[in-house]
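Working notes, beginning with the structure itself.
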Amino acid sequence: MSPDLEKCSRSLLTCEKSNFLNEQSRHEMHVSRHCFNYKISLLLPECEVLPVRVANVINNFSSYYLVRDLPVYKFLEEKWLATVVKKGSFYALSCKTRIDEDNVCALLSSGQLILSLDKDTYEQLGLEGRPSLYSHKKVMRYVVSVDLTNKSLVPGTKHYQQVLLCLKERVMLRSDFLLTTCHPGADKDGALHNLLSQYTYEECRPILHSQTLKNLFYPSLHHSDLQGQGLSCTPNQFLEWLGAVNLNISCDNSAASFLSTYMCPEPRAPVSQSVLCTVTGLIPPKDVCRLLKEIRCYFAEPNFAAWVSLTVHGFVDCPVSWGAAEHGFFKGKAGRSSCKQ
């Protein structure tokens, strides 16, 4: 094995034990803080086909738009600020830009415009920012955050004119963008469609893929043994196994397999059939919350499943991870959250 592959970057796994019936449960809070979701993986043990109600929720996920060559300064236009940004109506993320090499942009529903810039672009742009937290000894990237809801950024003010000048004349940042609304009726004023009509765009739907897995061994999970002291496997072991299943990696250490010697961790138990469902696209937090609520309803009905796993993956090259926190690069880039019922 290559020495570079043997070096694992530092990682942090945080586990919480909670109950959906608890009024102080933080499930929805965690979901709402992860704005840019690229993929959802849903694993249902002891299930042959995706439940109809779960499938209906997924099929009603929001559409999103791929807009070609959109200038960033368009987010500062007066009508756009008044009708969309300040009402927290949508998310936007630059597409096909790499966070370790290119200039990357994200617009949060809070009205925060986040720019992750290389050193040359930052110096030419002229907006105040800070060095990236993931810089080495020599700073090569900077992060600029512009609060579009700030009262000083009202069209006609000096600050507004300065920011607009930087983004429109000094360095006209432009990129393909993914855009989606935050809630139904968010574009009742037509501002989003007015913007789309000025550029080449595509309306996209999340892509659903479902498969039935046969005769798998599953790690044992017990609610009283979260740390894996005997009744359950450890959280790290479970997460590793879950990743192997999602990637269709054999977990039985078969003598006929030359690709993997991985085995399902102990303690374990056989399961005759399971459903693995994946959804990819730009998936807003509200759709993840709806799916999470439907999974709760699934457990209220008679079934053989002791647990269900819902894993949400973030965009690899998104400039933010949780909330407005900076997303790392060079090592361990992809953000992920996981919830087990």
Side-chain angles (χ1 to χ4, degrees), residues 13 15-21 27 39-61 206-280 283 287-288 290-313 336-341:
L13 175 60
C15 299
E16 292 187 9
K17 179 181 176 181
S18 184
N19 189 316
F20 285 116
L21 299 179
H27 294 92
K39 179 180 178 181
I40 292 177
S41 299
L42 177 63
L43 181 62
L44 295 90
E46 299 292 2
C47 184
E48 186 175 7
V49 295
L50 192 64
V52 174
R53 289 174 56 180
V54 174
N56 288 339
V57 169
I58 295 174
N59 289 330
N60 285 306
F61 274 8
I207 299 173
L208 168 65
H209 179 263
S210 181
Q211 60 178 314
T212 302
L213 308 177
K214 298 288 187 178
N215 302 318
L216 283 179
F217 278 96
Y218 279 62
S220 297
L221 294 177
H222 198 278
H223 64 86
S224 65
D225 188 18
L226 185 63
Q227 295 182 351
Q229 299 297 320
L231 297 175
S232 304
C233 65
T234 67
N236 288 87
Q237 288 175 328
F238 183 83
L239 196 61
E240 184 179 44
W241 171 84
L242 192 60
V245 172
N246 275 274
L247 294 173
N248 289 318
I249 296 174
S250 173
C251 300
D252 56 9
N253 192 17
S254 172
S257 174
F258 296 94
L259 296 178
S260 172
T261 59
Y262 179 73
M263 289 188 65
C264 177
E266 299 278 1
R268 61 186 180 182
V271 177
S272 60
Q273 58 190 9
S274 306
V275 169
L276 175 62
C277 166
T278 59
V279 187
T280 55
I283 306 169
D287 286 341
V288 181
R290 288 173 53 218
L291 180 57
L292 191 59
K293 289 180 180 178
E294 186 54 48
I295 292 172
R296 292 177 59 187
C297 295
Y298 172 74
F299 270 94
E301 301 173 354
N303 62 74
F304 295 102
W307 54 266
V308 166
S309 170
L310 175 65
T311 306
V312 182
H313 305 257
R336 177 170 66 179
S337 62
S338 186
C339 179
K340 282 81 179 176
Q341 170 77 39

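No experiment lies behind these values; they were computed from the predicted model shown. Quick note: numbers below take in every heavy atom, side chains included, and nothing from hydrogens, waters or symmetry partners.
Shown here for Val57 and Arg290, the closest heavy-atom pair between the two residues is O-NH2, 3.8 Å. Of all the heavy atoms in Val308 and Pro45, the pair that sits closest is CA-CD, 4.4 Å. Heavy-atom minimum distance, Val271 versus Ser274: CG1-OG, 3.7 Å.
Using a 4.5 Å cut-off on side-chain heavy atoms (C-beta onward), Leu43 and Leu213 make contact. Put simply, the side chain of Arg53 reaches to within 4.5 Å of the side chain of Cys297, judged on heavy atoms. Side-chain contact between Leu208 and Phe61: absent, with no pair of heavy atoms (C-beta onward) separated by less than 4.5 Å.
Within the model, atoms OG1 of Thr311 and CG of Leu242 stand 4.5 Å from one another, a figure rounded to the nearest 0.5 Å. To the nearest 0.5 Å, the span separating CD1 on Ile58 from OG1 on Thr278 amounts to 9.0 Å.
In the displayed structure, Gln211 atom CD is contacted under 6.0 Å by more than 12 heavy atoms of other residues, nucleotides or ligands.
Sorted pairs that involve residues 235-244 and meet salt bridge (charged side-chain N to carboxylate O under 4.0 Å, His left out), not counting sequence neighbours, are lacking altogether.
By the 30° and 60° cut-offs, the orientation of the rings of Trp241 relative to Trp307 is perpendicular.
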What's the verdict on side chain to side chain contact (heavy atoms under 4.5 Å, CB included) for Ile295 and Leu42, showing C-alpha distance, side-chain angles and the deciding distance?
CA-CA 10 Å; Ile295 292 172; Leu42 177 63; 3.5 Å; yes
Do Ile40 and Asp287 pass the side chain to side chain contact (heavy atoms under 4.5 Å, CB included) test, and can you show the C-alpha distance, the side-chain angles, and the key distance before you say yes or no?
CA-CA 11 Å; Ile40 292 177; Asp287 286 341; over 6 Å; no
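Partners of Arg268 according to the side-chain contact (heavy atoms from CB on, under 4.5 Å) rule, which considers only residues two or more places apart in sequence or in another chain, are Phe217, Met263, Cys264, Glu266.
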